[in-house]
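One-based numbering, in listed order, for ligands and for the atoms of each. Scope of the values below: all heavy atoms of this structure, side chains included, with no hydrogens, waters or symmetry mates. Note that the structure is a prediction, hence the values are computed from the model and not measured.
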Amino acid sequence: MIAPDVILPNATLGILGGGQLGRMFVVAARTMGYHVTVLDPDPHSPAAQLANRHICADYADQSALDKLAATCAAITTEFENVPATALEYLAKFLPVKPSGAVVAIIQDRIREKNFLQSNGFKTARFALIENPQQVATAVQHTGLPALLKLSRFGYDGKGQKMVHTLREAQQAYHDFGAQPAVLEELVAIKMEISIIIVRSADGSMAAYPPSENVHRNGILDIGIVPARISSVLAEVATQVARSIADMLQYCGVMAVEFFLTQAGELLVNEIAPRPHNSGHYTLDACTTSQFEQQVRSLCGLPLGEVAVCQPSVMVNILGDLWHEKNMPDWTKVLRHPHVKLHLYGKQEARAGRKMGHYTCVGENMKDVLTLALKIQNELGKH
Ligand code: AMP
């Protein structure tokens with residue numbers, strides 16, 4: 001049933017953040033007949049290139065927020081580090097999904113860990129550090145080596161440091177500007193997986209099957225779907241993601257990242273309040289992409305089908321592959337009929353910067369994976 005307050009095509013949707021996730025949201029929304037306004041301070045942001053309108057301003061800029069409120073029917077975000085206060089301000093005037101209150105929890109590692117722990121979700125052992133005196137007790141709690149992670153503004157392994165001694169932990173805390181941080185035990189990881197889940201305001205949910213994620217230098221390198229895990233484990237992970245979404249009263253698309261330990265335990269690593277890199281395969285291997293789901297949940301439409309039509313392997317393309325100003329030879333990707341290339345329109349290639357990805361789909365996972373790795377080798381490894 002379609003609710004009476006549903007937002008239908010021809011309305012304008014606003015998004016805070018203009019990165020590649022925003023760009024893919026813009027494509028999905030415009031394909032469905034919506035108009036999109038992007039708020040992002042970067043004049044060349046990937047999403048703004050394709051949006052109907054770009055408000056080039058800071059996320060906290062009052063007049064920019066007022067413009068969005070006056071011209072949009074609903075607001076979403078593609079970036080967890082937008083000020084939660086901006087989302088809360090916009091929510092006085094129009095629907096905002098996810099809410100500022102939820103984003104405020106997820107964007108702060110300390111609040112996120114406390115939420116997970118107090119609701120009984122298993123995580124890696126951790127300790128909070130809010131002053132220099134707490135470093136030693138934190139080390140005692142987690143053991144060594146351990147990972148020091150800044151509570152705010154970390155992503156793709158940034159704001160993280162592996163420490164092997166108390167001295168290193170103290171030094172790392174100092175080098176990070178003595179900002180609030182979390183010390184986490186180093187987990188013996190067997191596999192990393194993630195679940196993309198979408199939840200509507202009425203509580204209905206749809207969860208994609210787990211993606212098996214291979215990271216390199218703290219950045220996602222390859223996503224394999226379906227993950228090569230048992231159906232029991234996939235069900236457990238899905239139930240955890242559902243419970244998290246329910247407890248947060250979440251609205252929109254969310255990713256839950258997990259560690260599967262060598263001992264067979266499933267630990268929640270972190271939550272992302274937005275579509276996720278490990279869900280890009282949904283663009284090419286599923287009936288409904290994670291970005292269409294973001295539009296659907298934002299507009300109050302029924303959620304789309306999440307079944308995976310074919311096995312897929314997604315490979316990230318980082319700026320490391322650019323030599324001087326020369327792009328990689330894309331014919332190495334484009335010559336394959338079952339491989340889909342996605343480039344994000346970023347002007348400057350930097351080491352570690354996500355410039356694009358490709359997804360291989362096919363009937364047989366072994367063949368798909370072999371082809372994905374062959375292309376990666378031909379393009380040159382990061
Ligand atoms: P994060 O930004 O916290 O997701 O960390 C980025 C990547 O670093 C993860 O995907 C893991 O590959 C690795 N990592 C993070 N935390 C831990 C941990 N406690 N133990 C082992 N590896 C970790």
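- Using a 4.0 Å cut-off between heavy atoms, Ile189 contacts ligand 1 through its side chain alone, with no backbone atom that close.
- Under the 4.0 Å criterion applied to side-chain N and carboxylate O atoms, Arg353 and Glu348 are not assigned as salt-bridge partners.
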Exercise for the section: Evaluate side chain to side chain contact (heavy atoms under 4.5 Å, CB included) for Leu94 paired with Cys72, printing each intermediate quantity in order. Expected result: CA-CA 8 Å; Leu94 71 176; Cys72 295; 3.9 Å; yes

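- No side-chain N or O of Lys161 forms a donor-acceptor pair with one of Gln171 less than 3.5 Å apart.
- The closest side-chain donor-acceptor pair between Tyr89 and Gln62 falls under 3.5 angstrom.
- For Val187, a nitrogen or oxygen atom sits less than 3.5 Å from a nitrogen or oxygen atom of ligand 1, counting backbone and side chain alike.
- Note on ligand 1: Arg109 sits in its first shell, one or more heavy atoms being nearer than 4.0 Å.
- Contact annotation: for Glu270 versus ligand 1, heavy atoms closer than 4.0 Å belong to the side chain alone.
- Side-chain contact annotation: Gln294 with Gln290, donor-acceptor N/O pair under 3.5 Å absent.
- With a heavy-atom cut-off of 4.0 Å, Leu147 touches ligand 1 through its side chain alone.
- Across Glu192, Lys149, His215, heavy-atom proximity to atom 12 (O) of ligand 1 is greatest for Glu192.
- Looking at Asn316 and Tyr358, their side chains never bring a donor and an acceptor atom within 3.5 Å of each other.
- Numbered from 1 in the order shown, with element, the atoms of ligand 1 that lie under 4.0 Å from a heavy atom of Leu186 read 20 (N), 21 (C).
- Formation of a donor-acceptor pair under 3.5 Å by the Asn52 side chain with backbone atoms of Val36 is found in this model.
- By the criterion of a heavy-atom distance under 4.0 Å, the side chain of Asn269, and not its backbone, is placed next to ligand 1.
- Ligand 1 places these atoms under 4.0 Å from at least one heavy atom of Gln160: 1 (P), 2 (O), 3 (O), 5 (O).
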